[in-house]
Amino acid sequence: MVNSSDNNTKTIKGIPAEDIDVDLMRKLYLENKELFQQIELPLITKKYTQTLPSDIIARVACDQKFQQKLLALNEDEYNLFIKCLKTAQSHGANLVTAADKLVTGLKNPQFSELIADCIQNGSPNTETLNILLNQEENYFGIKTVTQMNNYPAIKKLLCNKILQNPEDETSLTEPLMRMSPEDRVKFAQTEKEFGISLSQAKLLCQKYGHGILVSDEIICNNEVHSCLQKLTDIIEAPTNEAVLTVKNTSENRPQPLTFDEIDTSMRRQFADSYNKAFYQPNDQDKIAIETYNGKTVDIYDAGVEFTMCTHVVGAYSDSDERVNAQERWNPSVRQSHVFCTRLIANEALEVAKEGALCYGFTNFDKDALIASAPWDMASIKNNLTFNTVGDMDAQKIMQAQEGSGARFLTPTEQINHTRTDESETNWDRFNSDGSRKQPSYIVFIAGSLKDTEYKNTPLYQQSIQAAAQFNIPIVLIDREKVIANEHQAINQLIEEYKKTHNPKTLNRLISRFENNRTTCYNKHTAGIYQKQFPLLKTDKKSDFKSLQEIIEQISDNNPQHSQHLVDALSAQAVLSLNQHSEFCKLIYDIKDKCPDVKVDINSHLKKHLGITQKPRNPAKISQYYMSSFYAKAEAEKNPAVQNKTQNTDSSYTK
């Protein structure tokens, strides 16, 4: 590796040896034996190591695409980048996402004239520059330092002009001219009231705002909840006049923030809510002590009400069971920055892979939460990138199905919205101090703790071994006991609804039933839940009520109550697309008894899709995914079609 030139100057791959930060290079190599196969050596020169935190360089080493973007900055651009990054850091920004935003912005051709003037000027206002570089486009045509210093006034003037006459395109920049007049109004209002673009507002609502439409819980805190609600109101406003009524009335209205600062703040709020929800072993739950190779392992019983963050070893990748579990979790090769977890709960007791070692996690760092959704985001490739958050956001897609972008929900609503695609929450593998995040306990699900045969299974022995290696406890879950409690809870909701006819109780009743019914889809234990939580009644005698029987039990043919019932079932139908024909039967059985009830599956699909960067057509989705509902709706309009449907639609008549 070391070469010598004619004047005896030692070089390493052409770089003068004295420029290399040898101490950091050695540290990074000890953490990652593949360092020199992954990193561009100039990034370990003192120019970078003395200006960037070492954990940032460790992450950069795994993403050659970002390395090239960073190295493409010339000397002046890099110095400007460092100044802006320090400003972002002073605001408490996440340095990973902030660095990626700044590098991307500095190389955005729409800001090239501004960057050149900043470099020539020498002392730009980095707070304003950060805000501008966080934008996808130069919406306000800022090209000089003088304009940048006058940015608030320029923005206010142009926003007011748009709001007064959105059809007038004089003095508009090219990005604004591409917008429809309606979107210009929404853009101007989001910029004026919240300091972000319409596209960024949609992304925030796509990621975080869906929860305000479906949950009785406050999303994060009152201020965040209000912000998301108002952004939603602007985006979904039917008229320009309606847009103008939405104001940012926060008493603690902050100074202008970058999009990245807002996004980071919201992820931190969700991380805090998740940390508070996760089960933590306590003395009251301790039931036994096991020993392995002289080490003691505490055993806990999770009980019947819990929420856990779990990761199954080898669920989506190969794992060598011969390797020590602790060593496997802490390899000497650093590749992915992120690991995938699944939120499980008493009413959704489904880990990623049955029969494999399962870790439980608690107390994540404030910046550890990367992405989350009540479906599989197919994020493995993104988890290898320097900024997983930015890479996933750049896709800006939301299909409410596997492979879609992030949608953060409260832990309760994450469970309520997880169906056959299974949920995924991604966390940083590394803590803020650079250490690797370790499991908090081993999760072991037993069929029944009364039958102690589970202790003789290979998985339990493996769990004891791993717990001893990590020096952490085992948390046991009694599936039989949990399911019995779920039946009891559902029966209590049935009785409560009969007394109150509260639609919130009804929604909770049906949602809880569906959470259980869809547990372990396509897994060995699925049969347990299909038997104990059937959707439709059958001729076979059963000890367990089907959802159809529960509906018949609580239905009183009151038009108002029937409408609530139809709406609650419709909301579940769009979550469980694969069984839409069964839901169609349940719903139209109610409508047959109460003809005035309205069935509008498109409105529920629209709510389920939420605000998206790329608009989707619920009517077309209904035709494709919810064909039984679409056929029934068409049949109601045309009696001839209805007769034909009744004769041929076996999925409905069965």
Side-chain angles (χ1 to χ4, degrees), residues 101 105 108 110-111 113-114 125 127-144 146-209 212 223-224 226-250 252-263 265-266 393 396 610-615:
K101 282 281 184 185
N108 185 337
Q110 292 194 32
F111 295 106
E113 292 181 61
L114 174 62
N125 182 329
E127 293 203 1
T128 304
L129 183 57
N130 276 6
I131 291 172
L132 288 168
L133 294 182
N134 259 249
Q135 298 275 27
E136 317 95 318
E137 302 195 74
N138 194 348
Y139 293 108
F140 297 97
I142 306 299
K143 297 182 179 180
T144 67
T146 301
Q147 288 178 321
M148 186 175 69
N149 292 338
N150 200 30
Y151 173 64
I154 292 173
K155 183 171 78 168
K156 182 179 180 180
L157 185 67
L158 189 53
C159 285
N160 285 337
K161 175 184 180 298
I162 292 172
L163 294 174
Q164 290 168 6
N165 187 0
E167 301 282 351
D168 184 3
E169 295 186 349
T170 58
S171 73
L172 293 188
T173 59
E174 194 273 334
L176 291 175
M177 290 180 67
R178 277 191 268 113
M179 295 182 188
S180 67
E182 292 77 16
D183 276 354
R184 279 186 210 132
V185 172
K186 293 177 180 180
F187 167 87
Q189 194 71 351
T190 57
E191 279 284 2
K192 184 178 178 181
E193 295 295 322
F194 297 93
I196 57 175
S197 71
L198 177 61
S199 177
Q200 290 170 334
K202 287 181 178 180
L203 185 54
L204 289 177
C205 287
Q206 175 176 298
K207 291 173 67 175
Y208 310 107
I212 63 177
E223 191 169 350
V224 170
S226 176
C227 173
L228 291 169
Q229 180 65 70
K230 290 178 183 297
L231 290 174
T232 300
D233 291 342
I234 290 174
I235 295 165
E236 295 191 332
T239 64
N240 290 346
E241 290 73 23
V243 171
L244 298 178
T245 64
V246 184
K247 306 289 184 182
N248 184 358
T249 56
S250 171
N252 301 315
R253 188 167 181 174
Q255 295 297 315
L257 299 173
T258 67
F259 167 80
D260 183 60
E261 288 167 349
I262 297 172
D263 182 71
S265 173
M266 289 185 177
D393 285 355
K396 295 181 180 177
I611 290 171
T612 65
Q613 281 281 12
K614 296 180 180 179

Item to check | Sequence-distant partners of D233, side chain to side chain donor-acceptor pair (under 3.5 Å), two or more places apart | outcome: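 Once residues adjacent in sequence are excluded, the partners of D233 under the side chain to side chain donor-acceptor pair (under 3.5 Å) criterion are Q229.
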
Item to check | Qualifying residues under side chain to side chain donor-acceptor pair (under 3.5 Å), relative to E236, sequence neighbours excluded | outcome: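 Result, side chain to side chain donor-acceptor pair (under 3.5 Å) vs E236: none returned.
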
Checklist entry - So which pairs with a foot in residues 152-173 pass ring-ring contact (aromatic ring centres under 6.0 Å, His included), sequence neighbours left out? => result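 Qualifying pairs: none.
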
Item to check | side chain to side chain donor-acceptor pair (under 3.5 Å) assessment of Y208 paired with D263 | outcome: CA-CA 9 Å; Y208 310 107; D263 182 71; 2.7 Å; yes

Sequence neighbours excluded, which residues qualify as side-chain contact (heavy atoms from CB on, under 4.5 Å) partners of [X]?
X	result
E113	K143
E241	T239
K156	N160
P181	P166, E167, R184

Is there a donor-acceptor pair under 3.5 Å between the side chain of [X] and the backbone N or O of [Y]?
X	Y	value
D183	M179	no
T190	I196	yes
E193	N248	yes
Q110	N138	yes
Q200	G195	no
T245	A242	yes
Q189	V246	yes
D393	L203	no

Side chain to side chain, [X] and [Y], heavy atoms closer than 4.5 Å:
X	Y	value
K101	L133	no
N149	T128	no
L172	L158	yes
F194	K230	yes
N134	I131	no
M148	L132	yes
F259	S197	no

Checklist entry - Are S199 and E136 linked by a side-chain donor-acceptor pair shorter than 3.5 Å? => result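 Side chains of S199 and E136: pair found under 3.5 Å.
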
Item to check | Ion pair check, R178 and E169, cut-off under 4.0 Å | outcome: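 Salt bridge between R178 and E169, a charged N being under 4.0 Å from a carboxylate O: no.
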
Listed partners of [X] passing salt bridge (charged side-chain N to carboxylate O under 4.0 Å, His left out), at least two apart:
X	result
K155	E191
E127	none
D260	none
D168	K161

Checklist entry - T232 and C205: which non-hydrogen atoms are nearest, and at how many Å? => result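 Minimum heavy-atom separation between T232 and C205: OG1-SG, 3.5 Å.
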
Item to check | Nearest atoms (heavy-atom pairs only) where I154 meets Q147 | outcome: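 That would be CD1-O, 3.5 Å.
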
Next on the checklist: So, using ring-ring contact (aromatic ring centres under 6.0 Å, His included) as the criterion, who are the partners of Y139 when residues are at least two apart?
Outcome noted: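 Checked Y139 against ring-ring contact (aromatic ring centres under 6.0 Å, His included); matches are F187.
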
Checklist entry - About how many Å separate CG of N150 and CG of N125, when rounded to the nearest 0.5 Å? => result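 It is 12.0 Å, given to the nearest 0.5 Å.
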
Item to check | Gap between atom OG1 of T612 and atom CD of Q206 - 0.5 Å precision | outcome: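 Between Q206 CD and T612 OG1, I get 6.5 Å after rounding to 0.5 Å.
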
Checklist entry - Can you name the one residue among N240, I162, V243, L231 that meets side chain to side chain contact (heavy atoms under 4.5 Å, CB included) with K186? => result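 So the option named by the test is V243.
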
